[in-house]
Amino acid sequence: MKISFNTEEILIGGSWRKAENGATLEVINPSTGEVMCKIGRGSKKDVNDAVKAARDALDGEWGRMPAVERGRIITKIGEKLKQYEDELTALETRDVGKPVKQARADAIAMARYMEFYGGAADKVMGHTIPYLDGYTVYTLREPHGVTGHIIPWNYPMQIAGRCIGGALAMGNTCVLKPAEDAGLTALLFARIAEEAGLPKGVLNVVSGVGAEAGAALASHPDVDHISFTGSVGIGKEIQKAAAENIVPVTLELGGKSPQIVFDDADLDAAIPFLVNAGIQNAGQTCSAGSRIMVQRGIYEEVINRMAEKISALKVGPSTDDLDVGPLVSAKQKDIVDRYINAGTQSGLTIAAQGILVDNLPEKGCYVKPTLFRDVPPDSKLAQEEIFGPVQVVIPFESEAEAIKIANGTEYGLVTGIWTENGARQMRMAKAVKAGQIFINNYGAGGGVELPFGGVGKSGFGREKGFEALYGFSVLKTVAAKHD
Ligand code: ADP
Ligand code: MG
């Protein structure tokens with residue numbers, strides 16, 4: 001299938017146009033370091049126009065459309081996304097450096113979000129409430145109105161899919177601000193949604209810089225809800241901006257998620273997950289299972305088996321579709337290199353590193369997957385989200401100690417528990433602070449059905465699954481007196 005769009009244009013009220021004054025940002029392919037094209041650099045004025053268009057769309061046919069029809073359009077977007085899977089995959093592979101298989105998985109997931117939320121649109125119901133004699137009381141689930149979505153560069157398609165899909169299902173209109181380093185698939189997504197019949201102005205996309213278009217969107221007085229996925233620091237800024245307007249926010253801010261491996265774990269099942277949950281997407285994953293906690297009895301065995309796999313991992317250009325691609329940008333490579341250096345300078349031991357393939361482009365953003373062992377739980381590498389292919393291994397003795405270490409960071413996004421002991425599985429699932437717990441697996445294949453979000457500095461609110469629809473809507477209570 002062929003579809004064309006001008007990467008330098010933004011989408012406002014159904015019109016594709018240049019950002020104010022024709023401002024643009026360069027798009028860099030991190031596999032080569034070369035500029036591949038430009039995207040629009042939206043301004044505050046562009047955001048104002050987008051919010052106005054979203055408000056008008058809400059007051060138009062979208063606001064009156066029966067839920068079933070909204071659902072059909074969202075489902076149709078999903079079908080179209082599937083038709084354009086190759087285009088979306090190719091674009092993402094070059095824009096953010098994802099190996100082809102991973103980019104394709106994201107494209108498929110975005111389509112699946114539309115399928116899920118298209119089907120869910122007409123299934124969110126209110127309640128009737130038993131009350132005093134002479135009253136009938138019921139609740140309605142209504143859209144917030146205009147929703148702002150500020151998303152990161154690590155899973156651009158999946159995150160756009162989950163937040164736009166959920167928001168549209170509830171009848172909201174949307175302004176989407178993709179990340180500086182990942183604007184292309186958001187624009188193509190909007191182009192495809194248009195082709196699927198989404199009315200004008202329901203989805204507006206303003207690409208640009210966080211401190212400009214992002215800040216303008218987060219602080220806009222006519223935005224009714226903000227969903228944000230990104231760093232803790234910017235999450236705070238978003239919440240402060242929204243607080244000025246008393247606007248609800250959903251914040252998904254990453255983590256330092258443990259995978260806890262007990263002596264009785266099925267290691268054949270566990271080892272691939274212990275490795276992959278840290279190196280998938282070159283470790284640039286909010287839910288990366290990057291703190292590997294291992295009970296003493298199997299400690300050396302786990303390290304040896306992980307080391308064997310990690311030293312065989314190949315890192316190279318995304319189009320070669322190897323185990324690991326480049327990081328998204330030179331800036332991100334620099335951050336991760338600094339963590340690895342900090343680890344070695346503080347005397348930590350590297351148990352294994354992956355292989356950079358030969359003849360890599362000099363300006364490519366490559367980092368070797370790295371496994372650190374015997375990492376103190378309170379050290380920088382065990383506490384901070386690295387957002388690169390770096391796994392740390394921490395030993396523990398008892399279940400009580402495992403709980404203490406697992407809960408010993410500021411984050412609480414995901415936890416993996418590996419044990420064959422059923423009672424321990426249940427105890428641990430309760431004791432560990434996290435928004436998602438996986439027992440004898442990690443990530444469950446990413447299921448769009450599974451509510452996702454954090455506690456602590458990982459943020460609050462839930463996206464994904466049916467649960468997200470409550471966040472993307474507001475409850476109204478109606479009490480009718482009729483005696
Ligand atoms: P990362 O560090 O992973 O790039 P960020 O939290 O910086 O994550 O970015 C996530 C998203 O937030 C991006 O779309 C970015 O443009 C946007 N952003 C960055 N700074 C701001 C800001 N001050 N206000 C609103 N959005 C911002
Ligand atoms: Mg890029």
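Read the numbers this way: they start at 1 and go in the same order the structure lists the ligands and their atoms.
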Sub-3.5 Å pairs, protein N or O with ligand 1 N or O:
| from | atom 1 | to | atom 2 | distance (Å) |
| --- | --- | --- | --- | --- |
| ligand 1 | 3 (O) | Trp153 | NE1 | 3.4 |
| ligand 1 | 4 (O) | Trp153 | NE1 | 2.9 |
| ligand 1 | 6 (O) | Ser231 | N | 2.8 |
| ligand 1 | 6 (O) | Ser231 | OG | 2.7 |
| ligand 1 | 14 (O) | Ile151 | O | 2.7 |
| ligand 1 | 14 (O) | Lys177 | NZ | 3.3 |
| ligand 1 | 16 (O) | Lys177 | NZ | 2.7 |
| ligand 1 | 16 (O) | Glu180 | OE1 | 2.7 |
| ligand 1 | 16 (O) | Glu180 | OE2 | 3.3 |
| ligand 1 | 16 (O) | Gly210 | N | 3.3 |
| ligand 1 | 24 (N) | Gly210 | O | 3.4 |
| ligand 1 | 24 (N) | Ala215 | N | 3.4 |

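Side-chain polar atoms of Thr24 and Glu8 form no donor-acceptor pair below 3.5 angstrom.
A salt bridge does not link Asp59 to Arg55: none of the charged nitrogens lies less than 4.0 Å from a carboxylate oxygen.
Of the possible polar contacts, one joining the Gln436 side chain to the Pro451 backbone as a donor-acceptor pair under 3.5 Å is found.
The distance from the CD1 atom of Ile77 to the CZ atom of Phe189 is 6.0 Å, given to the nearest 0.5 Å.
The nearest pair of heavy atoms linking Ala213 to Lys177 is CB-CG, 3.9 Å. Closest non-hydrogen pair, Ile73 versus Ala196, comes out as CG2-O, 4.4 Å.
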